[in-house]
Amino acid sequence: MKDTMQILFGLLGGLAVFIFGMNMMSECLQKAAGEKMKSILALLTKNPVMGVLAGALTTAVLQSSSATTVMAIGFVSAGLMSLPQSISIILGANIGTTMTAQIIAFKISDYIYLFLFAGFAVSYLAKTEKAKNIGQTVFAFGLLFLGIETMGTVMKPLAGSPFFLNMIGKVADVPVLGVLTGTFMTLVVQSSSATIAVLQNFAGQAGADGVTSILGLAGAIPILLGDNVGTTITALLASVGQAKDAKRTALAHCIFNLSGCLLFIWLIQPFAAVIRYISPSGPEVEVISRQIANAHTMFNLVMTLIWTPLLPYMVKLVTGLIREGVQAPKEMSEPFYLDNKLVMQPAAALQLAQMEAVRCGELAKELLNDLAGAARTEDAKLAGTVLEKAGQVRGLYERVTEYLSELFSAGSMSEEQSHEAAGVMYLLGDLDRIVNLCQEVLEQFLSQAQKKKIRYSKEARKDLEQSLILIREMYGEAFQMLLNGDRDKLKKIRKKKEKMLDLGLHMRKAHLERVEKGKCSAKLTKPFYKILNALDRLSNGCANIADHELGW
């Protein structure tokens, strides 16, 4: 009983070290890759082959097909990626994830502690963030193999256990049991890479003759197929509560792996023969880890080659299974692009936050346009609608700011990404001030005047409308300049700001003249001057937006 518990705890401990090392390596690789992630994602085109390549490269960088899958689902849900593009990404991710198994197949047990020490030394002594990330990646790489070595050590006594050998024999002889075993293992661990690592260690244990594997390649393949089926659960969970296309992307991932399992389960022996032929020769116990890795790669390559030309039919299939329904329109304060599941993938999450910030800017532009209309008509109903809209827009700003705060607290961003995120937060702060000033103008222009049952003169309303139109033009040019990086418009914006100052002086003087002539009530002087102060701050806010350089 004591020996059994030691084996169990050793296996669980080794698995924990492996998963921790794999996740740490994925996080550090993302930080080290930095903006290269954007270059990989930029490969996305209408060409499915390029989509497959992008998915494979992204997964190779992240060292996690689940991360790539969740990212693709988040993008398609946000409308940044089409359904065919997202499915092609999933196909590529299945190829990219096989890199982990190929790495594990290398025998580097003699160098594990060298990797750990070298990685620790570099990360501890390095002065730059990039060097620290590289050191932590090497350290995590050593942890990954330390976990594998721990699992392999504690599994050795199992090779002599009659109960264990009998159980393995049943799994090896009944492929369906192997598939169910692999699926269950991946469902529990939530990582196909981890369960394949366990499989490679199990299969690497020698039988009674000390040469052959206790499991054998033919016995390992069904479990490998089950591992691929089990990993689709991550995609399904990520699609919960997402848009229809996100659910279709997850379903396509399931269809890809299930169809592969149903095809290859009838071809285990010939498939095993092909893998033995293309793999290094030698005693089975020495080469089976590489054979399993090659089987994993071959399975995903073959299925990708089958499904890539059939991508339009895959799209039709998942679209038919998950039909369009009547979707309730989102509230203005609800984010369109943000996805909390992508917080640990900062390259993708930051891109979504930038898209949401652009949407915030567009809503502010609409608000300035509505404000000019409300000033012209002095319509209380329209003013109430604009005030309500302003409140919703500010609520959206808060949601985006909270999302960016979560990105910072997750600690997964590189220094460059943190700088970009801070730039988005500064922009949101300026936009929030603009919306707040719009509210202030409305409240002073309509609410206080209507409370006193006093109306502004026609000349005052015309001057206010003219100034709001000028501010709206300033804002439109500033925001467009921000997005396009066209610094030539900066002079025009500054000239309009000077014009706004002159207009403010004119409006103050004109108001006093109207009061003197009895055309305007003296009681409106205080709220009118508050409006002019708010308009002056609005023009400053537009100039501030023009000064932002986000480098998107």
Side-chain angles (χ1 to χ4, degrees), residues 360-361 363-378 383 386-387 389-391 393-394 397 426-450 452 454-482 489-516 519-548:
C360 289
L363 290 173
K365 185 178 180 180
E366 291 177 17
L367 197 62
L368 285 168
N369 189 48
D370 293 341
L371 183 60
R376 182 179 66 254
T377 61
E378 209 170 358
V386 176
L387 282 172
K389 186 176 182 178
V393 173
R394 294 193 73 189
Y397 293 163
Y426 289 138
L427 172 62
L428 288 170
D430 284 331
L431 292 175
D432 188 45
R433 280 189 288 275
I434 285 175
V435 175
N436 186 40
L437 289 168
C438 288
Q439 287 178 304
E440 187 176 330
V441 169
L442 268 179
E443 288 167 358
Q444 295 297 331
F445 183 64
L446 288 175
S447 303
Q448 291 196 18
Q450 288 179 353
K452 297 176 182 178
I454 304 170
R455 290 174 61 85
Y456 286 94
S457 66
K458 185 178 179 181
E459 292 84 355
R461 292 201 305 272
K462 186 177 179 181
D463 284 344
L464 285 172
E465 184 184 4
Q466 183 182 352
S467 61
L468 285 169
I469 290 172
L470 183 61
I471 287 171
R472 185 183 64 191
E473 291 174 357
M474 282 181 65
Y475 177 83
E477 290 177 356
F479 198 70
Q480 200 62 38
M481 190 186 77
L482 175 72
K489 290 183 179 179
L490 195 58
K491 289 183 179 179
K492 291 182 180 180
I493 293 169
R494 286 174 178 167
K495 283 184 179 179
K496 286 184 177 179
K497 184 181 177 184
E498 291 174 5
K499 186 178 178 181
M500 188 64 207
L501 288 172
D502 294 338
L503 187 57
L505 292 172
H506 161 75
M507 290 169 71
R508 284 176 171 84
K509 183 179 179 181
H511 173 74
L512 292 176
E513 289 176 355
R514 287 192 297 269
V515 170
E516 186 178 354
K519 292 182 178 181
C520 274
S521 171
K523 293 180 180 179
L524 289 175
T525 301
K526 185 176 179 181
F528 189 70
Y529 275 34
K530 282 187 177 180
I531 290 174
L532 297 181
N533 289 334
L535 293 177
D536 185 51
R537 289 157 64 195
L538 271 172
S539 66
N540 289 334
C542 294
N544 288 340
I545 289 174
D547 287 334
H548 278 286

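Just so you know, these numbers come straight off a predicted model, no measurement behind them.
- Judged as a side-chain contact (heavy atoms from CB on, under 4.5 Å), and not counting sequence neighbours, the contacts of C542 are I471, M474, Y475.
- Taking CG of L464 as the start and CE of M507 as the end, the distance is 4.0 Å to the nearest 0.5 Å.
- Minimum heavy-atom separation, G361 to F479: CA-CZ, 3.5 Å.
- Counting all heavy atoms, side chain and backbone alike, L538 lies closest to I434 at CD2-O, 3.6 Å.
- In this structure, CG on L468 lies 11.5 Å from CG on D370, to the nearest 0.5 angstrom.
- In this structure, N533 contributes its side chain and Y529 its backbone to a donor-acceptor pair below 3.5 Å.
- Of all the heavy atoms in A390 and V435, the pair that sits closest is O-CG1, 3.5 Å.
- Salt-bridge annotation for K496 and E473: present, with a side-chain N of the basic residue lying under 4.0 Å from a carboxylate O of the acidic one.
- Here L535 contributes atom CG and L437 contributes atom CG; the two are 9.0 Å apart, rounded to the nearest 0.5 Å.
- Residue R494 places its CZ atom among 12 or fewer non-hydrogen atoms of other residues, nucleotides or ligands, all under 6.0 Å distant.
- Taking all atoms of both residues into account, the shortest heavy-atom contact from A543 to K497 is CB-CD, 4.2 Å.
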Stepwise salt bridge (Lys or Arg N to Asp or Glu O under 4.0 Å) test for D430 and R433:
CA-CA 5 Å; D430 284 331; R433 280 189 288 275; 2.3 Å; yes
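- E459 contributes atom CD, which lies 12.5 Å from atom NE2 of H511 (distance to the nearest 0.5 angstrom).
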